[in-house]
There are 2 protein chains.
Amino acid sequence: MQALREPHGHDVATRQEPGRTARSIATDALAEDDALHLPGRISSFARGNEIYAEGSAMDHLYRVVSGAVRICKVMADGRRQIVEFSVAGDTFGLDGLAAHGFSAEAITATTLVCYPRRQLEEAVRQGGRVARLVERMTLNRLVAAQNCIVMLGRKTAQERVASFLLEMCQRTTLANAGVLMLPMSRYDIADHLGLTVETVSRVLGALRREGAIALADAHNLRVLDRGRLRALSEDRV
Amino acid sequence: MQALREPHGHDVATRQEPGRTARSIATDALAEDDALHLPGRISSFARGNEIYAEGSAMDHLYRVVSGAVRICKVMADGRRQIVEFSVAGDTFGLDGLAAHGFSAEAITATTLVCYPRRQLEEAVRQGGRVARLVERMTLNRLVAAQNCIVMLGRKTAQERVASFLLEMCQRTTLANAGVLMLPMSRYDIADHLGLTVETVSRVLGALRREGAIALADAHNLRVLDRGRLRALSEDRV
DNA sequence: CGTTCTTTTGAGACTTATCAAGGATAGTGG
DNA sequence: CCACTATCCTTGATAAGTCTCAAAAGAACG
């Protein structure tokens, strides 16, 4: 059983950066989104802060402008599962029926555009482009979630890490020299892949030793042998 | 690593009932669906037959009238993951972008209503009730998939089986005397929970011995101690 | 510049998978 | 209708992958 642990004496359930108040540097402004063409409010969150809590009212759709977000659930005993990461360009916020089924937290300093759900539903009721966009968006996330299910249900630790790296390569714009910047910690990666930090670290170490990847530091890596990762990932990413 | 196996000499990838032609007893008729109010065609499938294949054109939405369906993906080496079961009242069929990302197979003799996707998209474009229904439907499935992710990522074998039993209790109408009828095999359950047949069988045996459930036969069980299952499942179903 | 958190690495334990085999079940064919 | 046969289900013994516990080096932050 994947145990709850308190690495060096702090609680897993509240594993986040110290000494910040919630929504500490939230700034508000208005924005017109390219894709949705709906009025939205700009909002910023500091690293580690909660964007919404599990069980709170689900009244906004969010789009990530910059930064990264984790959507997760924490079980009663502290075990955590991150169901998805949202990076620049991704949308999130519709993850329940009436209330949020998951919580959302900023991984790094993050800027979002928030769309009131009421206006969104009104747009859906009206039909047209927005209705199809929202439908398409939700379907995209469903497909992603189902691929995640395959990964968690049937892949080994090595295959999960390989899949994850390839997915992140696709979803983020690589820095010059093809460097992949991973904003999240090893803990976050572990809690997304259904593994422990130690296993994630060991697998990354093994991939480095066999020359599949190169690690500049913990958060910046380069894929040297994409074929090797694709062979491991077992799907055609 | 969860290996492919050929239990008693038949291939895992084609594990289905023998001596049937595809879509053998498919019958067609017209129907007006209560919920969608769209014209649909009635179609039937014999036990074990494929409804659609991974990679085929995604041009219908299906609603289960009777029977049960598994939505799954089979990896190159035969490992299989069932991402969801669909029972009477459930809809399925939208599981990819252009093409199906998964395959669908009838678990037992199954009757479906099929709605052409073109008409559905036209209805979404028009907006109104159907647009919101489709959106709500997809969102429901996304939430279910994300809960499945939590289960696969962070729950023990016992917790997974308990969660599964409770979920099936909620989703199917129990027979008289509160008997839960599970149409799928232990193999199907295992491939849905990310376990092996043996582990599923062992956990069910343990739950039976401790008095949480009673097994009439392999496919008919009664929940005796729901509190125990809920404690194990770790979520509030 | 100390403190806290993160990352890595090692040794051992444990859950679940694998291999094996007998018994139960359900369609199949005579 | 009953025996046949393929598949499914269960149980046991062993193996393996990953987790747990422990500790030290490295990075981030105030």
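Order of the sequence lines fixes the chain letters, A, B, ..., with proteins taken first and strands second; residue numbering starts at 1 for each chain. Note: hydrogens, waters and symmetry copies are ignored here, and every other heavy atom, side chains too, is used.
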Of the nucleotides D:dC8, D:dT18, D:dG12, which one has an atom closest to the side chain of B:S185? D:dC8
Length of the CG-C1' vector between B:L152 and C:dT16, whole Å: 14 Å
For A:S56 and A:A53, the nearest pair of non-hydrogen atoms, with its separation, is OG-O, 2.6 Å
Given the structure, check if the side chain of B:R202 and the base of D:dG12 hold any donor-acceptor pair shorter than 3.5 Å. yes
Rounding to an integer number of Å, can you tell me how far A:E198 CD sits from D:dC21 P? 10 Å
Separation of A:D191 atom CG from C:dT6 atom P, in whole Å? 11 Å
Of the listed nucleotides D:dT10, C:dT8, C:dT16, the one nearest the side chain of B:A157: C:dT16
Tell me if a side-chain donor or acceptor on B:R141 pairs with a main-chain N or O of B:L94 at a distance below 3.5 Å. yes
B:Y187 OH to D:dC9 C1': how many Å, rounded? 8 Å
Kindly state which residues belonging to residues 207-223 of chain B come within less than 4.0 angstrom of DNA chain D, counting heavy atoms of the residue only, listed by number. B:R208, B:A218, B:H219
Does some side-chain heavy atom of B:L182 sit less than 4.5 Å from a side-chain heavy atom of B:T172? no
Report the residues that fulfil ring-ring contact (aromatic ring centres under 6.0 Å, His included) with A:F102, sequence neighbours left out, ordered by chain and then residue number. none
Side-chain contact check for B:R47: nearest option of C:dG27, C:dT7, C:dT16 is C:dG27
Going by the rule side chain to side chain contact (heavy atoms under 4.5 Å, CB included), which residues pair with B:R202 if we only count those two or more places apart in sequence or in a different chain? B:E198
